[in-house]
Amino acid sequence: MNPEIPRALEAILLVADSPVGTELLAEIVEVTEAEVEALLADLAESYATQQRGFQLVRVAGGWRYQTHPDLAPYVERFVLDGQAAKLSAAALETLAIVAYKQPISRAQIAAIRGVSVDGVVRTLEQRGYIGEVARDPGPGQAVLFGTTPSFLERMGLDSLAQLPSIADFVPGADVVEALEHGLRVEISEIPVGIDDNESVEVVTVEPAPSVAEPDERPSYDELLDDGPDTGFTG
Amino acid sequence: MNPEIPRALEAILLVADSPVGTELLAEIVEVTEAEVEALLADLAESYATQQRGFQLVRVAGGWRYQTHPDLAPYVERFVLDGQAAKLSAAALETLAIVAYKQPISRAQIAAIRGVSVDGVVRTLEQRGYIGEVARDPGPGQAVLFGTTPSFLERMGLDSLAQLPSIADFVPGADVVEALEHGLRVEISEIPVGIDDNESVEVVTVEPAPSVAEPDERPSYDELLDDGPDTGFTG
Amino acid sequence: MPYEVQTPVYEGPFDLLLHLILREQVDLYEISLSRIVDAYLIEIERMDTLDLEITTEFLLIAATLVELKCKRLLPEDADVDLDDEFALWEERDLLIARLLDCKTFKDAAQVLGELAGVASLSHPRTAGLEDQFLELAPDLLAGIDVDDLRSAYLRAMTPRPKAVVSIEHIHSVRVSVTEAVEELVDELPRLGRVSFRRLTEDFVERLEVVIRFLAVLELFKQGFVDLDQPRAFGDIEIVWVGSPALHVADLAGIDSYDG
């Protein structure tokens, strides 16, 4: 086997924001799922043997790196110190999208951000910054999120109308497309269980097989003509 | 030393979402900064020796985990955003000017580039590569821009000191000579007998007698090849 | 005859001028100002997008170049104001200095581009805190205000890069300098004072703007307008100083230019 494969698995899992399923990994590195499983088990074992501060573990939904439990006191210190104790840039972007575009579904947010946002959305929900405000009337009945009153209070706002204006800003055409796409996926392609189905969202966001030419995207200019908000109200 | 320390460093860096400075790490694990540096260097080396798919690197004044560059093809298949948005030529030139001339105002950048830079400056600011670092003390109180840690991260640099010296880029004598020669005002080349030289600029652009074929657009390349002065001397 | 635009996009007038001068660097003594000026004007015409602000900047440099070239063509014994001559030399030196500056940063930009290219092969870990630690954090919104929220939103909504394939045709524009002069002779006395930008704001074709510019120069040469450019790269103010009831017939011959 290509000696790069285990290294590629390490690299992919390092940049992943949430657990990655064996199937997706197998697809990316082009070996069988069984081989992926075996390689990951080897890697996990090597980290354990070398007493690394991190572990490679299998959780619901796939594999991920996480800190070794016995180091929690250090990580907690790091968290409490303040530097890490704030929303990551990615989480803040997600919160901002919900604030400005509510009500909005998880799939639509994922489409804008280009990555699965389940973990982030869960955190924001747990923290009480966002919550379910409606259900999409389509077949999927996806949860639509909005910000909470306590979030507004926290930001020092009386109402959403007081959010700084973004009137002069037109989102990029690909963002508009992503929204359209996210909505379509949700309504027509994912019949049930969208919440459990992370990888579907991830895969469907991607327009065409752009593996070979990551810079090439189709032109979405026509969509832009429809105005940037079409995706939500439709 | 507590054998947990290097493991703690691994754990902290695993959960950090931006480079963490040595000082903070030293504070959390309660050893000196020099010791932290040495431990991190050892860790980085062990990952390299073991040919891991990730690296521990020093960037933008801190330490972070990142994927090994030779695995980019795999990682880009996974990361939907693909590579970080490619910087346009305009963005790179503007960044170069800001990096080497900071703090610098928008007007000063425009003067060097010879074009309005409002759009590109706004984009770079939005992406977080440059930011306001001061105000011009003069009457206008113009915003003065400088580069940010994100810029260093984007360039893979630890600090601005790692940028090549600007002296390396100052054009050599050959270029200066070429420019002076190209723009020389050379009296000796005056074609004889042109004292009524009105509309010089018009005539030179003017393609041969195009009256006969009013619909045919002339080929300017031909004109160029013939030498632009033909029209006058002929 | 429409043609496809294949020229590279020039980032600005200095960029274009540098390209034109330095591409001939191989044979230094073949470089001719006339050649550069003409190639410059042709490139302006070939540009396939019309951004008036940028066009104006290109034209301002064009004016300097044309001035240098006119100077070269003037007989030595002509009645030349020494001050004007010095000013022109100064302008040329300034132009060279700016070209050198531009070249310096272009080369630096190239190195930055290479650095960024190498750096972009590595992706940082950004997964952030594991859930059990997030709960520890006293306040996730610490230090975040509505402006941060706004910038985060703009960042999220900023277009991702995509290949731009522009294969537009430039439509052949049938304008001549004579026609442009006629229009100006009609418009300018009524307007009195107007900026070049105002004068060309309705135009969509770059060529039309270029033609208008040449027409303005023509009127200037014949003494019917005064030009003023208060700020480098700023707009050009055009002031009508001729008779209010001028007719085109009163003008000296104008060369026509069919585009």
Side-chain angles (χ1 to χ4, degrees), chain A residues 11 14-18 64-67 72 75-76 78-80 82 84-97 99-101 112-114 119-120 122-124 126-127 129 151 154-157 162-166 169-175 213 215-220 228, chain C residues 4-6 8-9 48-51 53 110 112-169 204:
Chain A
L14 188 86
V15 296
D17 280 343
S18 47
R64 75 164 186 211
Y65 280 113
Q66 65 180 31
T67 54
V75 179
E76 282 167 21
F78 178 62
V79 174
L80 292 172
K86 62 177 195 305
L87 288 179
S88 65
L92 184 58
E93 281 179 28
T94 302
L95 182 56
I97 291 168
Y100 278 100
K101 288 294 189 184
I112 296 174
R113 301 255 310 109
V120 172
R122 194 161 47 238
T123 302
L124 294 173
Q126 268 169 13
R127 280 291 164 144
Y129 302 145
F151 166 77
R154 187 65 193 71
M155 287 280 114
L157 302 174
Q162 290 181 341
L163 280 173
S165 164
I166 46 159
F169 180 79
V170 180
D174 55 346
V175 169
E213 294 160 316
D215 282 333
E216 189 147 322
R217 282 166 191 273
S219 158
Y220 303 118
Chain C
E4 289 183 3
V5 176
Q6 289 176 333
V9 176
D48 61 341
T49 52
L50 185 98
D51 176 333
E53 203 166 305
Q110 198 182 340
L112 287 190
E114 286 160 15
L115 286 175
V118 170
S120 70
L121 294 176
S122 287
H123 296 252
R125 177 165 173 90
T126 56
L129 286 176
E130 291 150 21
D131 291 347
Q132 79 262 28
F133 297 115
L134 264 183
E135 285 156 25
L136 279 178
D139 182 4
L140 289 180
L141 292 179
I144 292 170
D145 61 20
V146 288
D147 289 327
D148 296 324
L149 198 68
R150 181 178 189 274
S151 353
Y153 176 76
L154 298 185
R155 210 164 50 230
M157 292 304 216
T158 297
R160 288 168 233 155
K162 64 177 181 195
V164 178
V165 185
S166 175
I167 315 173
E168 283 175 17
H169 291 158
V204 291

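By convention in this document, chain letters (A, B, ...) are assigned in the order of the sequence lines, proteins followed by strands, and residues within each chain are numbered from 1.
A:R127 is linked by a side-chain hydrogen bond (donor to acceptor under 3.5 Å, both in side chains) to nothing, counting only residues two or more places apart in sequence or in another chain. Every residue was checked against the side-chain hydrogen bond (donor to acceptor under 3.5 Å, both in side chains) condition with A:T123, not counting sequence neighbours, and none meets it.
Checked by atom type and distance alone, the side chain of C:S122 never pairs as donor or acceptor with a backbone atom of C:A119 at under 3.5 Å.
Heavy atoms closer than 4.5 Å to chain C are found in both the backbone and the side chain of A:Y65. Proximity to chain C involves both the backbone and the side chain of A:A72, based on heavy atoms less than 4.5 angstrom apart. Heavy atoms closer than 4.5 Å to chain C are found nowhere in A:T94, neither backbone nor side chain. Heavy atoms closer than 4.5 Å to chain C are found nowhere in A:L124, neither backbone nor side chain. For chain C, no part of A:Q162 is nearby; none of its heavy atoms comes within less than 4.5 Å.
Most heavy-atom pairs under 4.5 Å with chain C: of the set A:Q126, A:M155, A:Q66, this distinction falls to A:M155.
When side chains are defined from C-beta on, A:L163 does not count as touching C:R150, because their heavy atoms never get closer than 4.5 Å.
The two residues C:L149 and A:A99 come nearest to each other via the heavy atoms CD2-CB, 4.0 Å.
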